[in-house]
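What you are looking at is a predicted structure, and each value in this text was computed from that prediction instead of being measured.
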Amino acid sequence: MNQGETPVRGGSSGEGREHLHRGAMGVSDIVFFIVAAAAPLTAVAGGQAVAYLVTGNQGLPAVFLFYGIVLALFATGYATMSHYVTGAGAFYAYVARGLGRAAGLGTAFIALVAYNAMQIGIYGLYGVALTGYLNLKLGTSIDWWVVVLLTIGIIGVLGVLQIDLNAKVLGVVLAAEVFVVVLFDLAILTDPGPQGLTWSQFLPTTALEGGTLGAALVFGIASFVGFESAALYSEEARDPRRTVARATYIAVALVAIFYAVSSWLLAVAAGPATITSPERLAAEGYTTAGAPDPTTVLFIAGAERLGAWFADVGGLFFATSLFAALLSFHNAVARYIFALGRERVLPAFLSRVNPRTEAPYAASLTQTALALAIVAVFAVLGLDPVLTLFTWLTNTGALGVVALLSLLSFSVVAFFLSDGRGESRAKRLIAPLLAGAVLIVVLVLVVLNFNVLLTGDPAAPLDPLAVVLPAVVLGAGFVGLLTALFLRSRSPAVYAGIGEGGPAYRAEERTPGVESPPVPEEQR
């Protein structure tokens, strides 16, 4: 322990306790959080169906396999560095160790904007999906914001309970939504659409046709958002230096293969030429209120083969899929806020934990309050929850996550640059460099195609928000950098602790042979 660092021990009140529930989560628990954030049913039935129509690219399955390879390279460096960095700070702790404390704090601010945007934005689609289902089945006329406010309360309660309970809830909901998609996949395999089982969608040449690969890559990466969150739970993992790596590898493999196969069969159900054409979608009856709607393909095609019950069950599980994503992102945001509070970058009270569950209750309640305030604004103004709340915020969040992935890749290289620590060159240099280079290209493509993400129309005029929202993400990083510089001159003790977990955490976690290496002088 460094001189002057006094461990903060919690009493029965929990006021001074600043560590999370150690040993609460195994590999499967963390995989539930990762995959639930990706919301497989929502991604397949919603995001991927829309991607086919908006981009006109029939090669989405090839895109998902490509991302599987890229993210496996990312995970290689990420997992290697996870052996040396643990704690709730996740990405910003990694970047602080690799690229320096100022870059680390800039990363933390981007993460706060990105994950809050994802979590709060999903409430828009969730509210419409659940109220649509309830109003249809019960004959009611519930407003979208009513169920959202109730759900914010439920998520808030779960957020202050034990993390393993949250994992169990996610496990049940995740199993339900995966069950729906697997049933659909099997039904289409045995009874394909009008064009039969076509295989060309897996060919890279198909993805390259028509000059729409860039847009397809932009839509594709959004389906993976959440896979990177394993490190957020390393402090609560039973074996943090192994669990994070294993959970990340498993999640990447499962999600990439699942998306490639399911997106392929989604196109097969309607026909690859149909799902990419608004005219053909309308002619085949895949419509909502008379307008072409690719998000109906999974439910209509599934009901035709399995019976009307499939559409009923699928509609309900579509909403619960979004609930799982909300819970997963809520926990992610809470741990970022907690970590910054524990390091005194944010107010110290945000690092308080529940003395019984050891959950970060102050951070969790803060995120709940923020979600409540933003949803209330959209509801009072009467803004469309899908076209505004969901579309604006989730695309902003996806952009931020791609920026985080890029920063982390290069942080791994920097971390091992002066001392390889016995790790192979492939793990500490080649894999993260390749992943980082591709992710930078994807980041540029996301920014260039942001107007398409907001409008759903490649030919739409530029929406001012297509400039404002990316600027908010990048601006958050700049504010983080300025904050770090301010702390370096005005509060050097706080600055020195950025990415380190705070004095109490460092004192409790440092053991012989696994001490966290200091940040090189030139990166301070």
Side-chain angles (χ1 to χ4, degrees), residues 42-64 66-67 117 121 124-125 128 195 200-201 204-225 263 266-267 270-298 383-400 402 441-474:
T42 303
V44 175
Q48 292 169 22
V50 171
Y52 272 118
L53 185 60
V54 172
T55 67
N57 193 311
Q58 297 181 17
L60 282 182
V63 169
F64 287 121
F66 168 75
Y67 271 128
L125 182 57
V128 170
Q195 292 178 250
S200 61
Q201 296 99 310
T205 51
T206 303
L208 290 168
E209 289 175 359
T212 60
L213 177 60
L217 287 171
V218 170
F219 276 92
I221 193 64
S223 294
F224 286 91
V225 171
S263 64
L266 185 71
T274 297
I275 201 168
T276 53
S277 166
E279 294 80 13
R280 292 191 180 190
L281 276 173
E284 293 295 329
Y286 296 112
T287 61
T288 298
D293 184 0
T295 66
T296 64
V297 170
L298 185 143
L383 297 174
D384 186 285
V386 174
L387 297 180
T388 59
L389 180 60
F390 175 74
T391 302
W392 295 353
L393 270 64
T394 57
N395 285 314
T396 301
L399 171 63
V402 177
V441 172
V442 173
L443 179 62
V444 172
L445 288 172
V446 172
V447 173
L448 294 178
N449 287 273
F450 208 77
N451 197 59
V452 180
L453 291 172
L454 293 183
T455 63
D457 182 2
L462 180 64
D463 188 321
L465 285 174
V467 177
V468 172
L469 294 177
V472 168
V473 175
L474 299 178

Give the minimum heavy-atom separation between Thr212 and Glu209, together with the two atoms involved. OG1-O, 3.7 Å

Flag, side chain of Thr206 to backbone of Ser200, donor-acceptor distance under 3.5 Å: yes

With sequence neighbours left out, what residues match Pro294 under side-chain contact (heavy atoms from CB on, under 4.5 Å)? Ala49, Val50, Leu53, Leu281

Do Thr396 and Phe450 come close enough that some side-chain heavy atom pair is under 4.5 Å? yes

Side-chain donor/acceptor of Thr391 to backbone N/O of Val386, under 3.5 Å: yes

Hey, are the side chains of Val441 and Leu217 touching, using non-hydrogen atoms and a 4.5 Å cut-off? no

Indicate yes or no: at least one non-hydrogen side-chain atom of Ser263 is less than 4.5 angstrom from one of Val44. no

Holding to side-chain contact (heavy atoms from CB on, under 4.5 Å), I want the full list of residues that pass it with Thr55, two or more places apart in sequence or in another chain. Asn57, Ala215, Phe219

To check you understand the geometry: which heavy-atom pair defines the closest contact between Val63 and Ala207, and what is its length? CG2-CB, 4.3 Å

Working note: Leu383 + Leu389, criterion side chain to side chain contact (heavy atoms under 4.5 Å, CB included); need CA distance, chi angles, decisive distance, verdict. CA-CA 8 Å; Leu383 297 174; Leu389 180 60; over 6 Å; no

Val402 side chain near Ile221 side chain, heavy-atom distance below 4.5 Å: yes

Considering non-hydrogen atoms only, spot the tightest contact between Ser223 and Gln48 and give its length. OG-NE2, 3.8 Å

Report yes or no: does Tyr52 contribute a side-chain atom to a donor-acceptor pair with the main-chain N or O of Leu60 at less than 3.5 Å? no

Nearest heavy-atom contact between Asn451 and Thr455 is O-OG1, 2.8 Å

With a 4.5 Å cut-off on side-chain heavy atoms, are Thr394 and Leu125 touching? no

Side chains of Leu399 and Asn395 in contact at under 4.5 Å (non-hydrogen atoms): no

Judged by atom type as modelled, is there a donor-acceptor pair below 3.5 Å linking the side chain of Gln201 to the main-chain atoms of Pro272? no

Set of side-chain contact (heavy atoms from CB on, under 4.5 Å) partners for Thr288, sequence neighbours left out: Asp293, Thr296

Using every non-hydrogen atom in the two residues, find where Gly220 and Tyr67 come nearest and quote the distance to one decimal. C-CE1, 3.8 Å

Pro470 versus Val467, closest heavy-atom pair with distance: CD-O, 3.5 Å

From Leu465 atom CG to Thr388 atom OG1, the distance as rounded to the nearest 0.5 Å: 10.0 Å

